[in-house]
Amino acid sequence: MADVELKHVSKRYAHGRQTTETLRDVSLRVGDGEFVSLVGRSGCGKTTLLRIVGGFVDADGGDVLVDGSPVTRPGSDRGMLFQHPMLFPWLTVLDNTLFGPRATGRHSPQARARAMELLQIVGLGGFEFHYPKQLSGGMMHRAAFARAMMAEPKILLMDEPFGALDALTRAGMQQFLLDLWNRRRFTVILVTHDVEEAVLMSDRVAVMAAGPGQIIETIPIDLPRPRSYEMSETPEFVQLKRRVRQSVERARGKAPVSVMNPTAGH
Amino acid sequence: MSLQVIDASVVYPGQRGRSSTEALHAVNLTVEAGEFVVVLGASGCGKSTLLNLIAGFVAPTAGRIVLDGQNIQGPGADRSVVFQKHALLPWLNVRDNVAFGLSLQGRGKAERYKISEHFIEILGLRGFEDAPVYTLSGGMQQRVGIARALTCDPKLLLLDEPLGALDALTRERAQELILRVWDGSGKSVLLITHSVEEALFMGTKLIVMSPRPGRITHTFELSFSRRFLAGQTARSVKASADFIALREQVLQIIFADEEAA
Amino acid sequence: MGNTQGTATAGTSRPTEGAAPGATMMPLAAVPDVPGFRQRLGRRLAAIDWSRIWMGAIGIVTLVVLWWIAALVIGDDVILPSPLRTMDVMIRYLSKPYPSQGETLVGNTLISLARILVGFTWGALAGIFLGALMASVRPVRLIVDPLIELGRPLPPLAFIPLLIVWFGIGELPKIILIGVGVIPVMVVSVVAALDAVPEEYVEAALSLGATRSYALLHVRIRAALPAVITGLRLSMGLSWTSIVAVEMIAATGGLGYVILEASNYLITPLIFSGILLIAVVALFLDGLLRLLRRLVAPMG
Amino acid sequence: MSDNPAARPAAPVVERRGLLARLARARPTQPGEIYGVPGAGETRMLSIATIAVLIFIWWLSTTLGWVKPLFVPAPQAIVQDFVTILRRGYTGEPLWLHVGISTARVFGAFMLACLIGIPLGLAMGISPVMRGIFDPPIEFYRPIPPLAYLPLMIIWFGIGETSKVLLIFLSVFAPVALGARSGVRSAAIEQIHAAYSFGATRWQVLMRVILPSAMPEILTAMRIGIGFGWTTLVAAEMVAATSGLGYMVLSASQFLQTGIVIMGIIVIAAIAYMFDLIMRMLERRLVPWKGRM
């Protein structure tokens with residue numbers, strides 16, 4: 001297991017002669033086995049922050065440390081899950097799961113048995129030889145989980161992993177992730193704009209504001225574990241949810257974003 | 001206006017050796033004037049088939065659908081549909097999209113623009129009348145879709161997950177807008193949705209459906225939308241204890257269905 | 001090249017979403033064997049839609065019958081020989097040279113086929129290489145793009161006279177011409193195919209521990225493969241247009257040459273034979289590429 | 001949020017990595033582009049510069065005598081040829097006549113193919129009966145290079161204009177008809193259902209939903225078709241004609257008048273380019289929503 005430390009991270013992007021400051025002086029520590037969510041409106045830089053930890057984007061300033069050593073490139077110690085499952089359509093579910101071992105030259109009968117076991121765990125037993133296109137949205141996400149878990153990452157980075165699912169499937173996937181995390185306790189950074197999801201899953205919620213992107217508040221979620229959906233009716237939960245929401249609203253007040261902008265592309 | 005779905009079943013014939021599937025099994029449903037009925041269920045529970053049945057796009061294998069004493073034979077302007085997406089005509093501007101239904105009925109230009117004007121106003125599209133629809137955001141496009149359906153002055157408005165493709169915040173705004181438009185219009189609405197919260201917040205009656213075969217398992221009478229229309233904020237309605245309790249109850253029903261499957 | 005959306009778009013028939021079990025650990029089920037290559041090939045051959053092939057066969061039979069009736073009505077072998085007469089002539093010339101100092105039909109078919117294969121291969125390889133370079137290295141793209149855009153509407157056949165001036169009427173100009181026609185098509189389709197691969201595919205691979213070169217080969221290029229093969233099919237069609245034209249204008253062998261020779265002496269059945277052989281060989285080559293695409297893109 | 005382009009980083013500040021690294025990942029975005037959109041950005045200035053450089057190299061290599069004028073004449077020689085041909089014509093006929101004959105042949109055949117092919121393709125898209133009848137012949141002749149049946153056309157219709165126009169007609173017809181046929185599928189089922197739910201008749205749905213939806217694909221097919229027709233024409237004129245650009249270029253090559261050959265190719269390319277520009281302009285005018293909804 002591993003911890004992540006961000007110290008005074010900044011990032012700019014160039015637009016012609018202008019530059020946009022996407023992140024300014026962001027510091028965050030995610031402890032070993034901790035579940036932290038980044039919440040904020042579109043354009044607040046939360047995805048950029050996640051991609052910096054993933055090693056896909058370099059920070060312009062500050063330090064990004066995983067287990068004390070600086071991040072320079074993507075690596076299998078940090079599993080990445082995207083909004084779309086990004087399964088390779090030309091591989092079966094099993095071959096997708098075995099992509100990591102094959103890429104790193106560690107394919108073996110043991111790896112294969114482990115992959116089969118993982119697919120059982122995520123509820124895809126019997127679908128090993130199906131192609132991704134034959135699965136439903138939720139099943140594809142679970143296969144993507146199995147593929148990421150196969151590399152035994154110490155940290156799981158998730159970029160709105162359930163954003164494209166319908167509400168009911170999403171609830172199922174959240175429960176699934178909670179159960180998985182309860183048993184494995186890996187370190188998680190989850191990017192989401194669903195306040196309820198953040199409160200339900202996390203140990204801490206970091207609220208980000210846009211223009212320039214920064215963390216304005218980190219709210220501890222001291223609800224008991226294991227958690228489940230029933231919890232969301234308790235007064236404590238509702239109160240925390242309100243608190244995060246208010247924080248997000250405050251962040252929005254800082255940098256007004258036009259929601260109903262008619263010409264904004266989708 | 002009164003719509004009755006009486007013992008309606010839909011069986012899709014199997015293709016290439018696959019067995020046939022029963023999408024709907026003996027469904028009974030009544031929608032009265034001014035009611036806002038919400039149909040909720042997991043994927044594959046037949047709720048879209050139910051909407052297609054009422055809209056007239058699908059014929060029942062058994063049973064019938066009666067609107068004001070007449071059997072439904074096919075689609076008609078008395079039941080306008082708003083779809084999740086892809087339903088606007090990109091070669092027309094906002095005004096002509098809104099007036100599209102009227103122009104199909106052969107109304108003159110002056111008349112249909114005059115009628116459209118009103119709906120452009122109440123759906124907040126003023127100022128965008130001449131914009132091509134493909135330049136609008138998803139939320140705006142959906143409002144054009146609703147305005148277009150309303151111009152035909154339907155007795156029953158059928159909403160097929162109209163907000164499903166919108167982001168969370170735009171979606172909440174749109175829910176409030178639809179409720180305001182419905183309030184006082186005297187129209188009946190049938191809304192299909194995936195979202196339990198949306199269903200509870202908007203409906204006066206909630207229908208929960210179960211898959212394999214699709215059928216209605218539960219019906220609830222609701223009053224949360226009335227609270228909102230009486231002046232309470234949407235957020236406080238959704239945060240109230242009875243709202244949360246009912247939401248949990250409905251979620252339990254749906255998860256139980258899924259596990260049974 | 002269609003709109004490439006995320007992979008999460010709905011398929012036609014997929015099992016409905018079940019609840020996520022995960023709380024319970026299930027015992028290891030009996031592990032089924034991995035299907036081998038032979039089995040997979042068999043499965044994909046089985047996926048061929050036979051009813052469409054039957055429909056196609058019926059269509060062709062109808063066409064032949066109509067042809068026969070028309071030939072009987074016209075009753076003039078020069079204008080329209082009957083299918084039987086055409087087959088008769090075709091079989092005779094399969095082993096008999098035409099014109100007398102030339103090659104047999106089989107020989108001419110092989111000549112055309114060899115030209116196509118050589119020209120198509122070098123053109124496709126050059127196009128793929130250039131396209132891959134353009135998709136990856138921006139300066140190359142900026143420089144080559146305008147040239148491709150300018151050259152695309154230009155009919156490659158317009159180069160025939162220039163190639164004759166430069167290289168005479170040997171094999172070289174023919175092979176160059178085919179390549180010249182193929183390259184822009186391949187470049188455009190390779191660039192589009194590589195551009196359409198979502199960056200997240202590569203990122204997913206990297207975060208699973210793949211090296212950059214492994215991700216390039218096994219993910220980026222692999223993901224682009226089906227679209228590249230579609231580009232190859234297009235190019236193959238173009239190659240035929242080029243070769244027939246150049247054989248008619250400047251050659252002493254090949255199917256195009258035979259067709260033109262036959263028309264000079266009004267041996268219409270031989271013209272038909274040439275056309276039929278072109279259709280057969282072209283269909284065969286296209287079929288190979290289609291099979292390749294099926295192997296490369298399981299489930300479409 | 002990630003479906004919103006603004007949410008994605010706009011342009012990473014210049015990254016320096018190895019060639020392999022750059023091959024493996026998407027290229028960095030330049031200022032003003034939207035991240036992840038392939039091929040975005042203005043290239044006109046660069047295009048002009050590239051062409052200027054090429055012409056300069058051409059001029060340099062001929063002036064310094066690296067290549068013989070018989071193989072590649074100098075640019076100025078080609079301009080001279082152009083002026084001469086413009087004044088005196090080629091084989092007794094002025095250049096504009098060759099150009100005029102070629103474009104007239106293509107344009108006539110193209111119009112004819114559109115007039116017949118588009119309605120027929122639409123009918124094939126709408127009616128299974130029409131599809132059943134016309135699919136086999138079109139699918140059968142489509143893959144055969146048009147030149148292969150040019151001799152048949154000549155036997156059937158003589159060496160005059162009819163056979164050439166018909167040949168080009170056939171080469172344009174297949175792509176246009178098949179484009180219109182598949183264009184029928186472009187209308188979303190929601191659009192069709194919406195129209196029906198407002199009380200539309202079948203005819204209204206056809207005329208006011210399906211037909212406009214098919215427009216983008218029909219225009220694309222027309223663009224491909226005219227390019228194809230032009231290729232076929234040039235080849236046909238080389239094989240069997242006594243006028244037109246293809247004839248001019250081929251006969252010039254037989255007399256080793258390389259300057260006229262290259263000039264002819266440039267004229268052929270310019271006309272092809274013009275056709276393409278006109279079709280693109282039509283697309284922009286008629287179907288501005290293409291690919292945007």
Side-chain angles (χ1 to χ4, degrees), chain B residues 48 51-52 54-58 74-93 96-107 112 132-138 141 144-145 148-154 156-158 160-162 165-170, chain D residues 1-8 34 37 118 122 128 179-180 182-222 280-293:
Chain B
S48 289
L51 183 129
N52 284 337
I54 296 170
F57 303 141
V58 169
D78 47 1
R79 290 149 285 142
S80 294
V81 188
V82 179
F83 297 89
Q84 183 171 4
K85 50 185 169 184
H86 306 312
L88 296 182
L89 307 175
W91 50 90
L92 300 179
N93 62 20
D96 285 321
N97 260 291
V98 173
F100 180 63
L102 296 172
S103 93
L104 287 174
Q105 292 158 16
R107 312 271 195 101
R112 54 179 200 257
V133 283
Y134 54 84
T135 59
L136 303 185
S137 68
Q141 290 186 357
V144 175
R148 182 176 68 172
L150 288 171
T151 54
C152 290
D153 195 23
L156 175 61
L157 197 58
L158 300 169
D160 190 359
E161 287 190 54
L166 303 182
D167 70 79
L169 221 121
T170 313
Chain D
M1 58 159 268
S2 49
D3 57 348
N4 178 355
R8 285 289 194 84
I34 296 168
V37 176
I118 293 172
L122 290 172
S182 69
V184 170
R185 297 280 164 87
S186 306
I189 187 66
E190 287 91 346
Q191 290 172 325
I192 295 169
H193 273 175
Y196 277 123
S197 93
F198 301 139
T201 61
R202 202 175 134 75
W203 178 249
Q204 276 179 320
V205 169
L206 197 64
M207 296 307 290
R208 308 195 45 186
V209 179
I210 290 175
L211 207 60
S213 298
M215 276 301 281
E217 209 158 333
I218 292 175
L219 280 168
T220 309
M222 281 167 68
R280 276 172 202 267
M281 195 194 72
L282 276 180
E283 275 188 3
R284 268 199 306 277
R285 282 277 173 80
L286 295 177
V287 291
W289 69 89
K290 184 188 172 190
R292 297 177 69 176
M293 209 164 165

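Below, chains carry the letters A, B, ... as their sequence lines are ordered, and counting in each starts from 1.
- Taking chain D as the reference chain and counting heavy-atom pairs below 4.5 Å, the highest number among B:Gly145, B:Gly101, B:Gly76 is found for B:Gly76.
- Of all residues in residues 199-208 of chain D, those placing a non-hydrogen atom less than 4.5 angstrom from a non-hydrogen atom of chain B are D:Gly199, D:Ala200, D:Gln204, D:Arg208.
- Note: B:Ala77 leads B:Gly56, B:Gly74, B:Ala77, B:Ser80 in heavy-atom pairs under 4.5 Å with chain D.
- Partners of D:Ala221 by side chain to side chain contact (heavy atoms under 4.5 Å, CB included), not counting sequence neighbours: none found.
- Remark: D:Pro212 pairs with B:Trp91 by the side chain to side chain contact (heavy atoms under 4.5 Å, CB included) rule, at least two apart or across chains.
- Proximity to chain B (any heavy atom under 4.5 Å) is shown, for D:Val209, by both the backbone and the side chain.
- Heavy atoms closer than 4.5 Å to chain D are found nowhere in B:Thr151, neither backbone nor side chain.
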List the atom pairs, with distances to 0.1 Å, where a side-chain N or O of residues 187-197 of chain D and a protein N or O form a donor-acceptor pair under 3.5 Å, not counting sequence neighbours.
| from | atom 1 | to | atom 2 | distance (Å) |
| --- | --- | --- | --- | --- |
| D:Gln191 | OE1 | D:Ala188 | N | 3.0 |
| D:Gln191 | NE2 | B:Leu88 | O | 2.8 |
| D:Ser197 | OG | B:Val81 | N | 3.3 |
| D:Ser197 | OG | D:Ala194 | O | 3.1 |

